[in-house]
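Notes follow once the structure below has been shown.
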There are 2 protein chains.
Amino acid sequence: MKISTKGRYGVLAMFDLALSGNEVPVSLKSIADRQSLSEHYLEQLFGPLRKAGLVRSVRGAQGGYLLARDPDSITVGDIVRVLEGPIAPVECVQPEAGGDEKQLARDCCGRPEVCPTRPVWEKLRDAMVEALDSVSLGDLVRQARERRPVPMYYI
Amino acid sequence: MKISTKGRYGVLAMFDLALSGNEVPVSLKSIADRQSLSEHYLEQLFGPLRKAGLVRSVRGAQGGYLLARDPDSITVGDIVRVLEGPIAPVECVQPEAGGDEKQLARDCCGRPEVCPTRPVWEKLRDAMVEALDSVSLGDLVRQARERRPVPMYYI
DNA sequence: CCAAATTCCGACTTAACTGCTAGGATATCC
DNA sequence: GGATATCCTAGCAGTTAAGTCGGAATTTGG
């Protein structure tokens with residue numbers, strides 16, 4: 001029941017990007033240094049994030065990444081879905097909503113009748129989706145600024 | 001973000017136990033047959049479940065397992081915690097409640113200041129705990145009976 | 001135009017975990 | 001006493017997690 005480092009590091013890196021203002025590109029190296037992550041490993045995460053349209057890249061010296069959208073419009077759920085796949089505690093409740101749920105319900109667990117435990121997993125899935133989609137990068141940035149007023153040189 | 005087969009099979013097997021009335025012991029073999037699971041694999045799950053006090057065992061011929069408590073007092077969360085460990089999306093929010101949360105908060109992610117993404121994981125954890133603890137075996141049994149009125153021989 | 005910085009891409013590695021299976025000891029009912 | 005069970009420990013093949021490595025392509029500053 002854990003999310004992997006992909007999800008954790010991905011959210012942290014995206015938070016870092018959001019906190020950095022989004023005016024000039026931010027290099028993975030600087031993110032890796034600030035957040036104590038492996039630069040090479042971050043590369044693996046930003047490929048999918050770019051393809052999913054959550055970040056834009058700028059190649060070459062002084063290049064890096066920028067959020068592709070407003071921080072308030074990017075939820076933690078968006079990031080997790082890209083890096084970890086569909087938010088679902090078990091495969092048979094993966095579509096997350098609508099679609100061919102009805103059909104899935106019948107085949108679930110390889111039995112013809114409806115799986116008796118399915119309702120719990122659906123409830124769990126919905127709770128997870130709600131929790132992750134209700135928090136945006138903008139929210140995280142504002143929370144962080146409250147705790148540590150402004151990124152300034154006190155010392 | 002998936003729960004493993006331990007959790008899935010465990011909940012299904014406990015549901016089977018609850019559905020079976022809890023008057024005579026139910027053997028793992030019969031559960032395995034009904035739910036299409038491996039008997040040997042179920043054994044691995046019922047050791048911990050017994051040690052955690054969720055089921056009682058009766059050894060010998062005509063033996064098997066019984067729920068140790070009222071089906072309404074055993075939640076899906078109880079079962080999942082035994083078989084999958086603490087319900088928490090990341091390690092640094094594991095205590096689930098109270099305790100030395102404050103202290104953990106500071107050391108989280110190996111940095112001295114508070115981890116900026118921690119609030120999301122706490123929110124997710126709480127949502128998961130609430131979803132899993134709000135459903136009992138009794139609830140599942142009643143739901144199942146509604147759909148398939150009574151376990152009777154129709155054919 | 002060159003060198004440094006940086007994204008981009010794919011392969012490789014190591015360790016741990018998952019999902020079983022095997023075999024046997026012990027207890028109990030008929 | 002034999003069939004039926006739980007109990008316990010070990011092993012094992014396949015997958016995944018978490019990174020590492022090396023190098024190509026692209027851009028900027030000097």
Side-chain angles (χ1 to χ4, degrees), chain A residues 1-13 16-17 20 24-68 80 83-86 89-91 109-110, chain B residues 1-13 17 20 24-68 80 83-85 89-91 109-110:
Chain A
M1 260 338 228
K2 297 277 187 292
I3 94 166
S4 74
T5 54
K6 283 190 188 177
R8 274 197 295 138
Y9 295 178
V11 172
L12 191 55
D16 185 286
L17 222 49
S20 296
V24 293
V26 176
S27 72
L28 292 188
K29 176 149 194 354
S30 68
I31 297 180
D33 287 349
R34 267 191 300 273
Q35 311 294 342
S36 311
L37 305 174
S38 148
E39 183 188 350
H40 266 298
Y41 193 47
L42 277 183
E43 278 183 19
Q44 285 187 18
L45 311 185
F46 274 76
L49 289 173
R50 180 175 53 85
K51 280 166 193 157
L54 295 185
V55 298
R56 286 173 26 219
S57 66
V58 179
R59 299 185 69 168
Q62 267 62 46
Y65 289 90
L66 294 161
L67 294 182
V80 169
L83 298 174
E84 309 250 339
V90 302
E91 271 139 30
C109 321
Chain B
M1 258 337 224
K2 296 276 185 295
I3 92 166
S4 74
T5 54
K6 283 190 190 177
R8 276 197 294 138
Y9 294 179
V11 171
L12 192 53
L17 223 48
S20 297
V24 294
V26 176
S27 72
L28 293 187
K29 177 150 194 351
S30 69
I31 298 179
D33 288 349
R34 267 192 301 272
Q35 311 295 343
S36 312
L37 305 173
S38 148
E39 183 188 350
H40 264 299
Y41 193 47
L42 277 183
E43 274 184 21
Q44 285 187 18
L45 311 185
F46 274 76
L49 289 172
R50 180 175 53 83
K51 280 166 193 156
L54 295 185
V55 297
R56 290 174 21 223
S57 66
V58 179
R59 299 185 67 168
Q62 267 62 44
Y65 288 92
L66 294 161
L67 295 182
V80 169
L83 297 173
E84 308 252 338
V90 302
E91 269 137 33
C109 322

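Naming: A, B, ... by sequence-line order, numbering from 1 per chain.
- Here R50(B) reaches the OP1 or OP2 of dC8(D): one of its side-chain N or O atoms lies under 4.0 Å away.
- The shortest distance between the side-chain N/O atoms of Y9(A) and the OP1/OP2 oxygens of dA17(D) is not below 4.0 Å.
- Sorted by first and then second residue, the pairs that involve residues 44-63 of chain A and meet ring pair (Phe, Tyr, Trp, His ring centres under 6.0 Å), not counting sequence neighbours, are F46(A)-Y65(A).
- At dT16(D), none of the side-chain N or O atoms of S4(A) fall inside 4.0 Å of OP1 or OP2 (strictly under the cut-off).
- Spacing between atom CG of L42(A) and atom P of dT20(D) amounts to 11 Å, rounded to whole angstrom units.
- Under 4.0 angstrom from either OP1 or OP2 of dG19(C) there lies no side-chain N or O belonging to S38(B).
- With sequence neighbours left out, K29(B) forms a salt bridge (Lys or Arg N to Asp or Glu O under 4.0 Å) with D33(B).
- The shortest distance between side-chain heavy atoms of M1(B) and P86(A) does not fall below 4.5 Å.
- By the side chain to side chain contact (heavy atoms under 4.5 Å, CB included) test, Q62(B) is found to be paired with no residue, residues two or more places apart in sequence or in another chain being considered.
- Between L37(B) atom CG and dT18(C) atom P the separation is 18 Å, expressed in whole Å.
- Within 4.0 Å (heavy atoms only), G64(B) reaches sugar-phosphate atoms of the nucleic acid but no base atom.
- Closest to the T5(A) side chain, of the nucleotides dT6(D), dA18(D), dC8(C), is dA18(D).
- Atom CD in E91(A) sits roughly 14 Å away from atom P in dT15(D) (whole-Å rounding).
- Considering only residues two or more places apart in sequence or on other chains, R56(A) meets the side chain to side chain contact (heavy atoms under 4.5 Å, CB included) condition with L66(A), A68(A).
- Looking at heavy-atom distances under 4.0 Å, Y65(A) makes contact with sugar-phosphate atoms alone, never a base.
- For the residue pair K6(B) and L83(B), the shortest heavy atom distance occurs at O-CD1, 3.3 Å.
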B/S/- along nucleotides 21-30 of chain D (protein heavy atoms under 4.0 Å) is BB--BBBSS-

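- Residues passing the side chain to side chain contact (heavy atoms under 4.5 Å, CB included) test with Q44(B), sequence neighbours excluded: Y41(B).
- Between the CG atom of L45(A) and the P atom of dA18(D) there is a distance of 11 Å, given to the nearest Å.
- As rounded to whole Å, 14 Å separates atom C1' of dT4(D) from atom CG of D33(B).
- The nucleotide whose nearest atom lies closest to any side-chain atom of Y41(B) is, among dG19(D), dT6(D), dC20(C), dC20(C).
- Residue E39(B) contributes atom CD, which lies 10 Å from atom C1' of dT4(D) at whole-angstrom precision.
- At whole-Å resolution of the value, CD in E84(A) and P in dT16(D) are 14 Å apart.
- Look at CZ on R8(A): it is 13 Å from C1' on dG19(D), rounded to the nearest Å.
- For dC8(C), one of the phosphate oxygens OP1 or OP2 lies less than 4.0 angstrom from a side-chain nitrogen or oxygen of S57(A).
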